[in-house]
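A quick write-up on the structure given underneath.
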Amino acid sequence: MGLAVRKIVSNVDLLLEHGIDGLLEQWGRWGCSGVGTGSLSTPIYDNTHWVSDDIALWIDRAIAQLGECDSRKKAAGYKLVDRKRALFLYYRERYNIPMVANALKVGETKASVVLRSAEAWVEGSLTMSRFK
């Protein structure tokens, strides 16, 4: 088994062990530590994280793909709430559900559903990367 295949298998095992919410929590902390792709400012909270750069970038890529998928659907005329933004607000900015709902201009139930949908999409993307 090649090194790249072993790495993906171990990352999927990590996903199974900690769950998508655990990995996204770590991704959010990683991103705010100044290492991630979206943070050039001083970290805003305790950003201790155990996730490696490789795993965080793996998650980052899946979230970027989610954004691209939603952009294509919006261009085709679908009316969608920005799932990528919901993930960033909840996991990177540490917003709670009412704050996410306010930022997305939807109700709390809708914000929760959008967030869970985004988590499920990312989890599926990460799991499927095992088979590519």
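Judged by distance alone, the side chain of Ser71 and the main-chain N or O of Gly67 form a donor-acceptor pair under 3.5 Å. In this structure, Thr127 contributes its side chain and Glu123 its backbone to a donor-acceptor pair below 3.5 Å.
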Carefully, step by step, assess Tyr91 and Glu119 under the rule side chain to side chain donor-acceptor pair (under 3.5 Å).
CA-CA 11 Å; Tyr91 288 104; Glu119 291 169 347; 2.4 Å; yes
Would you sort out whether Val81 and Val113 count as a side-chain contact (heavy atoms from CB on, under 4.5 Å), showing the intermediate values?
CA-CA 10 Å; Val81 177; Val113 168; over 6 Å; no
Kindly determine whether Met99 and Tyr90 satisfy side-chain contact (heavy atoms from CB on, under 4.5 Å), including the steps that lead there.
CA-CA 9 Å; Met99 292 166 67; Tyr90 191 78; over 6 Å; no
Report the C-alpha separation of Asp60 and Trp30 in whole Å, then their side-chain angles, then the decisive distance to 0.1 Å, and conclude whether the side chain to side chain donor-acceptor pair (under 3.5 Å) test is met.
CA-CA 10 Å; Asp60 232 22; Trp30 170 85; over 6 Å; no
Kindly indicate, with the supporting measurements, whether the criterion side-chain contact (heavy atoms from CB on, under 4.5 Å) is fulfilled by Leu89 and Arg94.
CA-CA 6 Å; Leu89 291 171; Arg94 306 285 231 164; over 6 Å; no
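By the 6.0 Å contact criterion, NZ on Lys74 is enclosed, its count of non-hydrogen atoms from other residues, nucleotides or ligands being greater than 12.
Interatomic distance, CZ of Arg61 versus CD1 of Ile59, reported as 13.0 Å (0.5 Å rounding). The distance from atom CG of Asp82 to atom CG of Leu104, rounded to the nearest 0.5 Å, is 7.0 Å. Between Tyr95 atom OH and Leu115 atom CG the span is 14.0 Å, to the nearest 0.5 Å.
In this structure the side chain of Val114 never reaches within 4.5 angstrom of the side chain of Leu80, judged on heavy atoms. Taking the side chain as every heavy atom from C-beta outward, Leu24 and Ile63 approach each other to under 4.5 Å. Taking 4.5 Å as the limit, every side-chain heavy atom of Glu108 sits out of range of all side-chain heavy atoms of Val100. Side chains of Leu66 and Val122 form a contact here, defined as non-hydrogen atoms less than 4.5 Å apart.
Scanning all heavy atoms of the two residues, the minimum distance from Ile97 to Ser112 falls at CD1-CA, 4.2 Å. Closest approach of Leu126 and Ala62 over heavy atoms only: CD2-CB, 3.7 Å.
A cation-pi arrangement is found for Arg92 relative to Trp27, the charged atom lying closer than 6.0 Å to the ring centre and inside a 45° cone about the ring normal.
Residues meeting the salt bridge (Lys or Arg N to Asp or Glu O under 4.0 Å) test with Asp70, sequence neighbours left out: Arg83.
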